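Right, one structure below, let's go through it.
What you are looking at is a predicted structure, and each value in this text was computed from that prediction instead of being measured.
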Amino acid sequence: MNSSELNKKRYYTLSNYYKFRFHEKVFKVSLNANFTCPNKTGKSGFGGCTYCSPLGSGDFAGNKQDDLLTQFDVVKEMMHKKWPKAKYIAYFQANTNTYAPVEVLKEKYERVLNYCDDIVGLSISTRPDCLEDDIVDYLCELNKKTNLFVEVGLQTIHEESAKLINRGHNLQVFIDAVNKLRNKNIEVIVHIINGLPYETQEMMLETVKELVKLDIQGIKIHLLHVIKNTRMGRDFIKNPFPLMTKDEYVDTVIKQLELIPKNVVIHRLTGDAVREDLIGPMWSLKKWEVLNSIDDEFKKRDTYQGRLYDESRTSN
């Protein structure tokens with residue numbers, strides 16, 4: 001990230017990264033390939049993560065009743081209303097997108113990848129407990145054909161929180177998965193969630209401090225959304241726990257970004273929720289207000305991504 005980019009944003013945005021890498025506007029086309037999750041089938045657990053929506057966190061992806069190419073066209077045209085001229089990254093978003101035999105993955109990924117010349121890459125969202133050696137070997141092959149990004153859910157480093165949300169794997173499984181992907185030179189984007197039940201700000205900062213010891217290329221920071229028709233949503237109605245305020249969230253995100261190296265791309269600073277399904281925090285529906293508040297607070301504090309990053313803490 002050069003100084004001119006830093007003057008526009010105090011952190012390394014995904015938009016800037018795409019412009020640097022592809023030299024033109026690129027957006028992601030979110031797809032639902034009708035995968036399931038090992039935390040629902042019994043491989044890693046039952047019931048899924050307690051916060052996860054019925055659509056496997058793919059509420060804004062394509063309609064799983066449609067084939068992948070139909071989904072791609074529908075989502076692409078919707079996105080083109082905002083960005084008329086752009087190329088695409090096909091984003092396999094909903095549920096666990098490496099939870100299938102290699103031949104199934106190959107058919108789905110390459111069918112989309114070969115659909116049109118304007119698809120410049122694939123982004124695959126998955127869990128660290130679904131990256132067996134044969135799958136990683138295939139992803140390595142795919143990485144030679146296109147620009148590949150593998151998005152891995154961590155959410156938190158804290159085992160007590162992981163058990164509370166029924167994550168279904170421990171921290172070492174995540175670390176091993178990142179190392180396997182990086183040994184094949186595959187770009188890794190990690191998802192974390194701020195505001196998990198009873199986590200303090202220090203716990204959220206500890207998640208980032210540990211995460212940046214690993215060789216990762218991107219981070220997605222999400223706000224916990226408590227959603228109807230989820231286990232967490234049902235429990236929250238009976239026994240509410242404190243939700244983050246907007247000011248708390250902005251303060252936490254800025255402190256996290258100060259700890260993240262300047263070369264790590266920030267793919268997201270908050271998430272989206274379907275208004276009708278959201279129990280809270282309701283302020284999160286005004287996404288642009290949240291993002292603008294983060295920008296404004298960065299300027300007030302005269303700080304930036306990586307200001308407090310300590311290279312001596314890295315394990316690489």
Is there side-chain contact between Leu224 and Met244, with heavy atoms separated by less than 4.5 Å? no
Any heavy-atom pair between the side chains of Leu131 and Leu139 that's under 4.5 Å? yes
Would you say Leu171 and His158 make side-chain contact, with heavy atoms under 4.5 Å? no
Is any side-chain heavy atom of Arg231 closer than 4.5 Å to one of Cys52? no
Under a plain distance cut-off of 3.5 Å, with no hydrogens placed, do Thr156 and Glu199 share a side-chain donor-acceptor pair? yes
Cation over ring, Lys25 on Trp83, under 6.0 Å and within 45°? yes
Between Lys87 and Glu24, does any side-chain N to carboxylate O distance fall below 4.0 Å? yes
Under 4.0 Å between a Lys/Arg side-chain N and an Asp/Glu carboxylate O for Lys145 and Glu110? yes
Pair Glu151-Ser123, side chain to side chain donor-acceptor pair (under 3.5 Å): steps then yes or no: CA-CA 7 Å; Glu151 304 193 17; Ser123 192; 2.6 Å; yes
Expected output: side-chain Thr98 to main-chain Thr126 donor-acceptor under 3.5 Å: no
Starting at CD of Glu210, measure out to CG of Leu154 and round the result to the nearest 0.5 Å. 10.5 Å
Donor-acceptor check, side chain of Asn194 to backbone of Val253, threshold 3.5 angstrom: yes or no? no
Once rounded to the nearest 0.5 Å, what's the spacing between atom OG of Ser293 and atom CG of Leu269? 12.0 Å
For Leu148 and Ile186, work out which heavy atoms get closest and say how close. CD2-CG2, 4.1 Å
Val152 to Pro128 - nearest heavy-atom pair and separation: CG1-CD, 3.7 Å
Regarding Glu103 and Lys106, does a basic nitrogen lie under 4.0 Å from an acidic carboxylate oxygen? no
Can Gln155 and His191 be counted as having a side-chain donor-acceptor contact under 3.5 angstrom? no
For the side-chain contact (heavy atoms from CB on, under 4.5 Å) test, which of Thr96, Asp176, Val173 pairs with Asp129? Val173
Aromatic Phe35 / basic Lys108 pairing, under 6.0 angstrom, 45° off normal: yes
Walk me through it: do Asn16 and Val265 pass the test side-chain contact (heavy atoms from CB on, under 4.5 Å)? CA-CA 9 Å; Asn16 276 336; Val265 183; over 6 Å; no
Do NZ/NE/NH1/NH2 and the carboxylate oxygens of Asp302 and Arg10 come within less than 4.0 Å? yes
Is the shortest side-chain N to carboxylate O distance from Glu258 to Arg301 below 4.0 Å? no
Does the side chain of Asp133 come within less than 4.5 Å of Val136's, by heavy atoms? no
Could you measure the distance from the CD atom of Glu77 to the CZ atom of Phe72? Nearest 0.5 Å is fine. 9.5 Å
With rounding to the nearest 0.5 angstrom, report the CD to NZ distance, Glu160 to Lys163. 8.5 Å
Which word best sums up how the rings of Tyr17 and His267 line up, parallel for under 30°, tilted for 30 to 60°, or perpendicular for over 60°? tilted
For Glu159 and Asn170, which I'm curious about, is there any donor-acceptor pair between the side chains at under 3.5 Å? no
Could you tell me whether the side chains of Tyr198 and Ser161 share a donor-acceptor contact shorter than 3.5 Å? no
Are the side chains of Val190 and Phe174 in touch, meaning some heavy atoms are under 4.5 Å apart? yes
Looking only at heavy atoms, what is the nearest atom pair of Gln305 and Ile260, with distance? CG-O, 3.3 Å
Taking 4.0 angstrom as the limit, do Arg21 and Glu187 come out as a salt bridge? yes
Strictly by modelled atom types, are Asp73 and Thr70 linked by a side-chain donor-acceptor pair under 3.5 Å? no
Do the side chains of Lys43 and Glu132 get close enough for a salt bridge, i.e. N-O under 4.0 angstrom? yes
Any donor-acceptor N/O pair, Asn97 side chain to Phe92 backbone, under 3.5 Å: yes
Under the side-chain contact (heavy atoms from CB on, under 4.5 Å) criterion, do Gln217 and Val264 qualify, and how do the steps go? CA-CA 5 Å; Gln217 288 62 57; Val264 173; over 6 Å; no
Worked verdict on Ile119 versus Ile89 for side-chain contact (heavy atoms from CB on, under 4.5 Å): CA-CA 6 Å; Ile119 298 175; Ile89 290 175; over 6 Å; no
Identify the heavy atoms of Leu259 and Leu205 that sit nearest to each other, and give their distance. CD1-O, 4.1 Å
Step by step, would you call Tyr18 with His23 a ring-ring contact (aromatic ring centres under 6.0 Å, His included)? CA-CA 7 Å; Tyr18 282 164; His23 311 292; over 10 Å; no
Atom pair NZ/CD of Lys76 and Gln71 - distance to nearest 0.5 Å: 14.0 Å
Are the side chains of Leu122 and Leu142 in contact, using a 4.5 Å heavy-atom criterion? yes
Tyr249 and Ser284: CA distance, side-chain angles, deciding distance, side chain to side chain donor-acceptor pair (under 3.5 Å) verdict: CA-CA 10 Å; Tyr249 188 75; Ser284 67; over 6 Å; no
Where Gly121 and Thr146 come nearest, the two heavy atoms and their spacing: CA-OG1, 3.3 Å
Would you say the ring centroid of Phe241 lies under 6.0 angstrom from that of Phe236? yes
Would Val188 end up clustered with Tyr99 when hydrophobic side chains under 4.5 Å apart are linked, directly or stepwise? no
Derivation and outcome, side-chain contact (heavy atoms from CB on, under 4.5 Å), residues Tyr51 and Ile227: CA-CA 7 Å; Tyr51 59 82; Ile227 303 293; over 6 Å; no
For the CG atom on Asp117, are there more than 12 heavy atoms of other groups (residues, nucleotides or ligands in this structure) within a distance under 6.0 Å? no
Under the 3.5 angstrom rule, does the side chain of Asn166 hit a backbone N or O of Gly48 as a donor-acceptor pair? yes
Under the criterion ring-ring contact (aromatic ring centres under 6.0 Å, His included), I'd like the reasoning laid out for Tyr304 against Phe298: C-alpha separation, chi angles, the key distance, then a yes or no. CA-CA 7 Å; Tyr304 51 87; Phe298 260 125; 8.6 Å; no
What I'd like to find out is whether the side chain of Ile221 reaches to under 4.5 Å of the side chain of Gln256, using heavy atoms alone. yes
Heavy-atom pair with the smallest gap, counting every atom of Lys28 and Lys220: NZ-NZ, 3.5 Å
Given the rule in the side chain to side chain donor-acceptor pair (under 3.5 Å) test, do His222 and Thr270 qualify, once you have shown the distances and angles that lead to the verdict? CA-CA 4 Å; His222 297 266; Thr270 186; over 6 Å; no
Between CG of Asn32 and CG of Asp66, what distance do you get to the nearest 0.5 Å? 10.0 Å
Run the salt-bridge test on Lys228 and Asp277 with the 4.0 Å N-O cut-off and return the result as yes or no. no
In terms of side-chain geometry, is the basic nitrogen of Glu202 or Lys255 positioned less than 4.0 Å from the acidic oxygen of its partner? no
